[in-house]
Amino acid sequence: MTTDETRTGHRYVYEFAEGGKDQKDLLGGKGANLAEMTNLGLPVPPGFTISTEACRHYLEHGEEPPGLAREVDEHLARLERERGMRLGDGDDPLLVSVRSGAKFSMPGMMDTVLDIGLTDASVGGLARITRNERFAWDSYRRLIQMFGATVLGVDSARFDDAFEEAKRNAGADSDIDLDVHDLCALTGTYKQIVRSQTGRDFPQDPREQLVMAIRAVFESWNTDRARVYRRQERIPHTLGTAVNVMAMVYGNLGDDSGTGVAFTRDPATGKQGVYGDYLQFAQGEDVVAGIRNPVPLQDLERIDPGSYSELMEIMATLERHYRDLCDIEFTIERGKLWMLQTRVGKRTAAAAFRMAVQLLDDGLIDVAEALRRVTGDQLAQLMFPSFDRHPDAKPIASGVPASPGAAVGTAVFDSRAAEAATGPVILVRRETNPDDLPGIIAAAGVLTSRGGKTSHAAVVARGMGKTCVVGTDGLDIDYGQRQFTAPGGVVVAEGEVVSIDGTTGAVYAEEIPVVDSPVVEYFEGHLDPESPDADSVVAAVARMITYADERRRLGVHANADTPDDAARARRFGADGIGLCRTEHMFLGERRRHIESLVLADSHEARDKALAELLPLQIGDFVGLFAAMDGLPVTIRLLDPPLHEFLPDLTDLSVRVALAEQRGGADEGDLELLDAVRRHHEQNPMLGLRGVRLGLVVPGLVMMQVRAVAEAAAARIRAGDDPRPEIMVPLIGGAEEFELMREEIERVLADVAEASGVDVRAKIGTMIELPRAALTAGRIAETAEFFSFGTNDLTQTAWGFSRDDVEGSFFPAYLDKGIFPVSPFQSLDEEGVGRLVAIAVEEGRSARPGLTIGICGEHGGDPDSVHFFDGLGLDYVSCSPFRVPVARLEAGRASVLGEEGGGDSR
Ligand code: PEP
Ligand code: MG
């Protein structure tokens, strides 16, 4: 510890050699992995990391923490001693890079500044020491450009324009064609731009450059694009970023130098091999920025065999050490290889599953670890449909398949158009940069003409699970005309349909039909994962889901209301139906029965309407019980207010008014209007619905109970084993439930006696109002099971109208960081979760062994599944299509729980 650290007892700066890969919270992902590589003895340029704590302090207080400046000085001095050079020295300058690095990688969201330390005084020294004047001036102009844009906030287009002009004046095609005089002149122009745009000169004090760059990294945490990205990726805004300061190594010294990116396996398929791009005579982001076309990494073997074989060895070491796919960035400086970054690489969903089983079979990881390596979101992606490759469909172009899937949409050429469109769109760009992020989020797919598998578009789209095709050679994109021309001459204008195939790279100027994914075919039982026809990803999914089932403690039920849905849910592995929303059985043609019931003015009329509904309902339940024979089927009694089955008040009022103008309204319409007015409520979600409806208008729900009992009796007589469970919605307290329960038991007993069949049904309730959660102990005295309706519970705990808020003010709430994701999508653990926890605890103390499930939308959300597992629920219930996702996540929750929590991301 240094003197200052000893005095304050706290430190913010760590040498690379001091950290390790598990310290991402403190050092950020980049810093932690640089430390790991340093300690593995790999060639990492020396440097140090300023912790995320320092950033958090800066963001909170608007200034660096006390002592940080002194710590940076001390670590810089050490770096200078180690390199035998001084920062920005006039004879032999040490230059450093300053890079951000948060806990979770945020590709391209925050900026990097290279070559810090160059000034008018040191540029000559750099030229002399490297014997390369051109290189020195190229580095200086790069510094002013990056520093100007990132630190001083100058519009980067100013530099780009000046650069293009310099190329034009020199008759140069590319950056490497500019000579030392051009670059020297360009540096002068850049300095003028800085002066005119900021009112100050480009700083000539190297130490000042460093301090300003570090601060800029702290501040870049809160740029709009970084906030948008974090929201999309559910990364908390509170983490802050670390800052890595590293001695510069130079890829732009000449043809014997360069920079590259690589993966230890193919991130799209998981296959082992050499995957990456290399660009000679280049520095930093050049390789992914599309300034010149990089060559495939294999070519490095010819260009620089020594560095190539060292790189291959390092990649093998990294993969063995991390036991996972790694991606890396490296630079070669005059034939010497330097590692600038590594991390466990992003991958497609298919690659994640394939790799998990490959590494398991290679003995590098165990089953629990394999389960940690795949996620429900990835499985959901694999269940997306793909193109039906009709032999007549001719691609108009072909690019690099960067992120799989099939996307069809109209072409748009910028983010604004993507966001404004009402239907699905394909964002078409030459290449993307972080400013295109809103467009990528809004689009169904991304198509670019430049870049490889490691380009910005590819990395971001893969991370989001969006279909993406990049590097589509010959695609001539004209932003001005808002159209592109394919190599064969086909022109596609904005608004015209394109289809892109992220698995093959094919681009079509027509709408291609899509087919089910093979993974879905497997779940449907149409594809044997062992058969030679099955893709290896299907086999991998089949194995992983089996492991998950063996490990999971949570049951997975489905929300299904039709025999077809029930049957699919069963094929997809559901252990029962957790929620049958019976209101879905009263739509269409059957509405009129409810209408008659509402309009009935006598017992006879009401009984007639109910008698017409009864056989229909019996048929519904017979179908469900047959499809789910032997498994629980939880039938919820009618929940929505009756007016939902009646015509809309405004429509009907207009119809009646118009009829009256024409001479007289229909008698039936007048009666109906009267009934609609009577049932009208200002806040129907808080009105006569759920259990209240059952208590106040009992005939309808008791008809449902009778239908359940008669359907069960019929299935028992047919030799089946129906397991009905009757669920009362929206109760606020025990008294409501008790009254309903008595009625339900009476009807069940009635049917048992009349049919002579011993019909049994569990009787339980939904917990979806805060008062029910808070009085759960009393309710459990009479309820045989609980099922959390987390949709209504979220609505009533927050006081958010679930039908309105997501489209109205949630974007602003998300932006302000009030929550990182909609609480209707992922459970609000702190508030709604606490209500759930209280109800679980009180319910189980009143009735040990009480069965508890959850049937709100959160039942299919991975994070929420983990939360419910932690609370000891018996099952989650979700839509049939999400059932495999919930099975996988339930298995993962068990192994992550065994590990004692951990990061499931
Ligand atoms: C719920 O409220 O969570 C629930 C499952 O019921 P519904 O969405 O039908 O109100
Ligand atoms: Mg509800």
Side-chain angles (χ1 to χ4, degrees), residues 559-566 577 579-628 633-648 668 671-672 675-676 678-679 684 688-717 722 724-730 740-741 743-755 757 759 761 763:
N559 295 353
D561 340 298
T562 65
D564 278 355
D565 270 0
I577 290 183
L579 173 64
C580 162
R581 289 182 166 102
T582 52
E583 59 269 24
H584 293 168
M585 296 164 167
F586 296 136
L587 300 176
E589 176 43 24
R590 294 191 192 176
R591 260 171 194 263
R592 69 185 169 85
H593 296 297
I594 307 280
E595 244 173 52
S596 324
L597 187 74
V598 171
L599 293 176
D601 52 5
S602 66
H603 283 303
E604 292 72 31
R606 195 166 55 233
D607 288 349
K608 181 166 175 286
L610 290 173
E612 278 168 355
L613 277 169
L614 181 66
L616 300 173
Q617 280 271 269
I618 294 175
D620 294 332
F621 298 137
V622 162
L624 284 182
F625 294 150
M628 277 283 163
V633 176
T634 309
I635 290 160
R636 179 176 73 184
L637 302 177
L638 194 67
D639 182 12
L642 286 183
H643 78 84
E644 286 202 5
F645 303 97
L646 301 178
D648 177 74
E671 256 180 64
L672 197 55
V676 171
R678 259 187 287 120
H679 282 89
L688 184 59
R689 57 170 285 220
V691 66
R692 305 160 195 175
L693 196 60
L695 290 172
V696 177
V697 193
L700 187 55
V701 292
M702 287 310 140
M703 177 280 293
Q704 293 191 295
V705 174
R706 182 170 295 279
V708 170
E710 298 216 356
R715 291 318 302 159
I716 293 171
R717 273 196 298 264
E725 306 199 344
I726 294 174
M727 182 155 78
V728 183
L730 210 79
M740 278 301 281
R741 191 186 162 113
E743 290 294 312
I744 294 167
E745 280 178 335
R746 217 182 344 263
V747 175
L748 291 179
D750 222 37
V751 174
E753 197 183 314
S755 65
V757 179
V759 188
I763 306 171

Less than 4.0 Å between a side-chain N and a carboxylate O, is that true for E604 and K608?
no

Looking at E743 and R746, is there a salt bridge between them, counting it only when a charged N and a carboxylate O are closer than 4.0 Å?
yes

Report yes if the side chains of [X] and [Y] come closer than 4.5 Å at any heavy-atom pair, otherwise no.
X: R717; Y: S755; result: yes
X: F586; Y: L642; result: no
X: D601; Y: E671; result: no
X: I716; Y: P722; result: yes

At what distance, to the nearest 0.5 angstrom, does [atom1] of [X] lie from [atom2] of [Y]?
X: D561; Y: T582; atom1: CG; atom2: OG1; answer: 8.5 Å
X: M703; Y: L637; atom1: CE; atom2: CG; answer: 10.0 Å
X: C580; Y: M628; atom1: SG; atom2: CE; answer: 11.0 Å
X: R581; Y: L579; atom1: CZ; atom2: CG; answer: 4.5 Å
X: E753; Y: L748; atom1: CD; atom2: CG; answer: 13.0 Å
X: L613; Y: I594; atom1: CG; atom2: CD1; answer: 5.5 Å

List the steps, then state whether side-chain contact (heavy atoms from CB on, under 4.5 Å) holds for E745 with R741.
CA-CA 6 Å; E745 280 178 335; R741 191 186 162 113; 2.7 Å; yes

Exercise: identify the closest heavy-atom pair between [X] and [Y]:
X: V751; Y: E710; answer: CG1-CG, 3.8 Å
X: A675; Y: L599; answer: CB-CD2, 3.6 Å
X: I618; Y: A711; answer: O-CB, 3.7 Å
X: P640; Y: L693; answer: O-CD2, 3.4 Å
X: P647; Y: E595; answer: CD-OE2, 3.8 Å
X: V708; Y: F625; answer: O-CE1, 3.7 Å

Would the distance check show the side chain of R590 and the main-chain N or O of M585 forming a donor-acceptor pair, the cut-off being under 3.5 Å?
yes

Would you check if the side chain of Q704 reaches a backbone N or O of L638 as a donor-acceptor pair within less than 3.5 Å?
yes

Just one of D639, I744, V701, L695 clears the side-chain contact (heavy atoms from CB on, under 4.5 Å) bar with V728, so which one?
I744

Check the pair V676 / H643 against side-chain contact (heavy atoms from CB on, under 4.5 Å), numbers first and verdict last.
CA-CA 7 Å; V676 171; H643 78 84; 5.9 Å; no

Which is it for R706 and D750 under the side-chain contact (heavy atoms from CB on, under 4.5 Å) test, yes or no, and what are the steps along the way?
CA-CA 9 Å; R706 182 170 295 279; D750 222 37; 2.9 Å; yes

